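Source: prediction; values computed, not measured. Heads up: numbering here begins at 1 and tracks the sequence.
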Amino acid sequence: MTTLQWLGLILYCLTLVGVIKQISVVGLMGDKHQQHLLFGSAAALFAFWIFKVGIFEGLDVHFVGLSVVTLMLGFRYAILAGTLALLGATAAGFAQWQTLGINGVLGVMLPVAVTYFVYLVSFHHLPRQLFVYIFVCAFFPGALSIALKTGTLAGYYFVEGAYTWDVIYDNFVLLIPLLVFPEALLNGMAITLLVIYQPTWVYTFHDKFYFDN
């Protein structure tokens, strides 16, 4: 493993330890509803992540889906769901173990952190309306997350010297404009259906804020 891969793994493990320490494992074991949401979200992410396209190893693209999962589960449980999906995809051979830390930091932590940050800013500084929640908290972070993930991974592969910049740009970076709208639409549509039909599944959504007001 390279220095960057070790640093990524250490950072990811430290984050996971901090997340797990803030979660009541006993409470989770006794909460069937939360278990279903956590493991169901992880399974959905796994399904999204194994269907990817690309010519070169690592320079492949797929739906991320972490924005809607973050809004559903909150920051800590979204990190756990993403980690379970990443471990499953890696164990199934869809990613390399050497890049587990990098994929965890750039492919899990970054999208979750971006989405939750946008949600917090929206909640405290923008009108609490349903359409604001859908477009600002789900649609926009979905687009931003996949753009940042793809861009930072491109930088990682370039710094590591895995590919020349021409290969990375032509086969990875150029795809960003084509990815942002489908990813945003996926997250926006998913959260719209959830808040209408299953609002109790969405941790960050409350009727008293977005409807009653």
Side-chain angles (χ1 to χ4, degrees), residues 1-23 38 41-52 54 56-121 140-163 165 168-169 171-173 175-176 179-180 183-184 187:
M1 290 178 61
T2 66
T3 301
L4 278 179
Q5 290 171 347
W6 276 113
L7 290 174
L9 184 60
I10 292 171
L11 177 60
Y12 192 45
C13 289
L14 290 175
T15 302
L16 284 177
V17 170
V19 165
I20 293 172
K21 286 176 64 177
Q22 298 298 320
I23 291 176
L38 174 62
S41 297
L45 290 174
F46 173 79
F48 279 130
W49 294 356
I50 63 174
F51 289 104
K52 57 184 182 178
F56 297 93
E57 178 67 32
L59 302 182
D60 39 50
V61 296
H62 56 78
F63 284 119
V64 178
L66 277 168
S67 291
V68 65
V69 171
T70 303
L71 296 175
M72 280 181 61
L73 304 179
F75 180 84
R76 292 183 290 271
Y77 282 113
I79 293 288
L80 286 184
T83 298
L84 292 174
L86 178 60
L87 289 174
T90 305
F94 293 96
Q96 296 181 344
W97 286 107
Q98 292 91 332
T99 58
L100 179 65
I102 296 296
N103 289 329
V105 172
L106 302 182
V108 176
M109 285 173 48
L110 180 60
V112 171
V114 166
T115 301
Y116 204 68
F117 175 75
V118 172
Y119 161 73
L120 290 177
V121 171
F140 173 68
L144 184 59
S145 294
I146 198 167
L148 288 176
K149 177 198 171 186
T150 306
T152 52
L153 277 175
Y156 160 74
Y157 283 113
F158 177 70
V159 171
E160 285 282 58
Y163 304 103
W165 179 249
I168 295 172
Y169 183 79
N171 295 274
F172 204 49
V173 176
L175 299 176
I176 293 178
L179 297 172
V180 291
E183 180 72 24
N187 287 276

Kindly compute the distance separating CD1 (Ile102) from CE (Met1), expressed to the nearest 0.5 Å.
8.0 Å
Tell me the ring pair (Phe, Tyr, Trp, His ring centres under 6.0 Å) pairs involving residues 77-102, sequence neighbours left out?
none
Once you round to the nearest 0.5 Å, how far does CD1 of Ile176 lie from OH of Tyr169?
9.5 Å
Should Leu9 and Gln5 be marked as a side chain to side chain contact (heavy atoms under 4.5 Å, CB included) after you check the CA-CA gap, both sets of side-chain angles, and the distance that decides it?
CA-CA 6 Å; Leu9 184 60; Gln5 290 171 347; over 6 Å; no
Enumerate the residue pairs fulfilling side chain to side chain donor-acceptor pair (under 3.5 Å) with a member in residues 99-110, sequence neighbours excluded, ordered by first and then second residue.
Thr99-Asn103
side-chain hydrogen bond (donor to acceptor under 3.5 Å, both in side chains) with Glu160: which residues, sequence neighbours excluded?
Thr2, Tyr156
What residues form a side-chain hydrogen bond (donor to acceptor under 3.5 Å, both in side chains) with Thr83, not counting sequence neighbours?
Tyr12
Aromatic rings Phe75 and Tyr116: how do their planes relate, parallel, tilted or perpendicular, breaks at 30° and 60°?
tilted
Specify the closest pair of heavy atoms between Met109 and Thr15, including all atoms of both residues, with the distance to one decimal.
CE-OG1, 3.4 Å
Do the side chains of Leu86 and Trp49 get nearer than 4.5 Å, heavy atoms only?
yes
Sub-3.5 Å donor-acceptor pair from the side chain of Thr152 to the main-chain atoms of Lys149, do we have one?
yes
Partner of Pro111 under side chain to side chain contact (heavy atoms under 4.5 Å, CB included), picked from Val69, Thr70, Val64, is Val64
Heavy-atom side-chain contact between Leu179 and Thr150 under 4.5 Å:
yes
For the CG atom of Leu38 and the CG atom of Leu84, what is their distance to the nearest 0.5 Å?
6.0 Å
How many angstroms lie between CH2 in Trp165 and OH in Tyr157, if you round to the nearest 0.5 Å?
13.5 Å
Tightest non-hydrogen contact, residues Ala89 and Ile50, listed as CB-CG2, 4.5 Å
Identify the heavy atoms of Val159 and Leu4 that sit nearest to each other, and give their distance.
CG1-CD1, 3.8 Å
Shortest non-hydrogen contact from Ile168 toward Ala154:
CG2-CB, 3.6 Å
With sequence neighbours excluded, tell me which residues meet side-chain hydrogen bond (donor to acceptor under 3.5 Å, both in side chains) with Ser145.
none
Is there a side-chain contact between Val17 and Lys21, using heavy atoms and a 4.5 Å cut-off?
yes
First locate atom CG of Leu66, then atom CG of Leu110, and finally report the distance between them rounded to the nearest 0.5 Å.
10.0 Å
Let me see the working for Leu73 and Ile79 under side chain to side chain contact (heavy atoms under 4.5 Å, CB included), right down to the final yes or no.
CA-CA 9 Å; Leu73 304 179; Ile79 293 288; over 6 Å; no
Could you tell me whether the side chain of Val180 reaches within less than 4.5 Å of the side chain of Ile146, counting heavy atoms only?
yes
What distance separates Phe46 CZ from Thr90 OG1, expressed to the nearest 0.5 Å?
9.5 Å
So, for Glu183 and Gly65, which heavy atoms are closest and what is the spacing to 0.1 Å?
OE2-N, 2.8 Å
Which residues pass the side-chain hydrogen bond (donor to acceptor under 3.5 Å, both in side chains) test with Thr115, not counting sequence neighbours?
Ser67
Specify the closest pair of heavy atoms between Tyr163 and Glu57, including all atoms of both residues, with the distance to one decimal.
OH-O, 2.7 Å
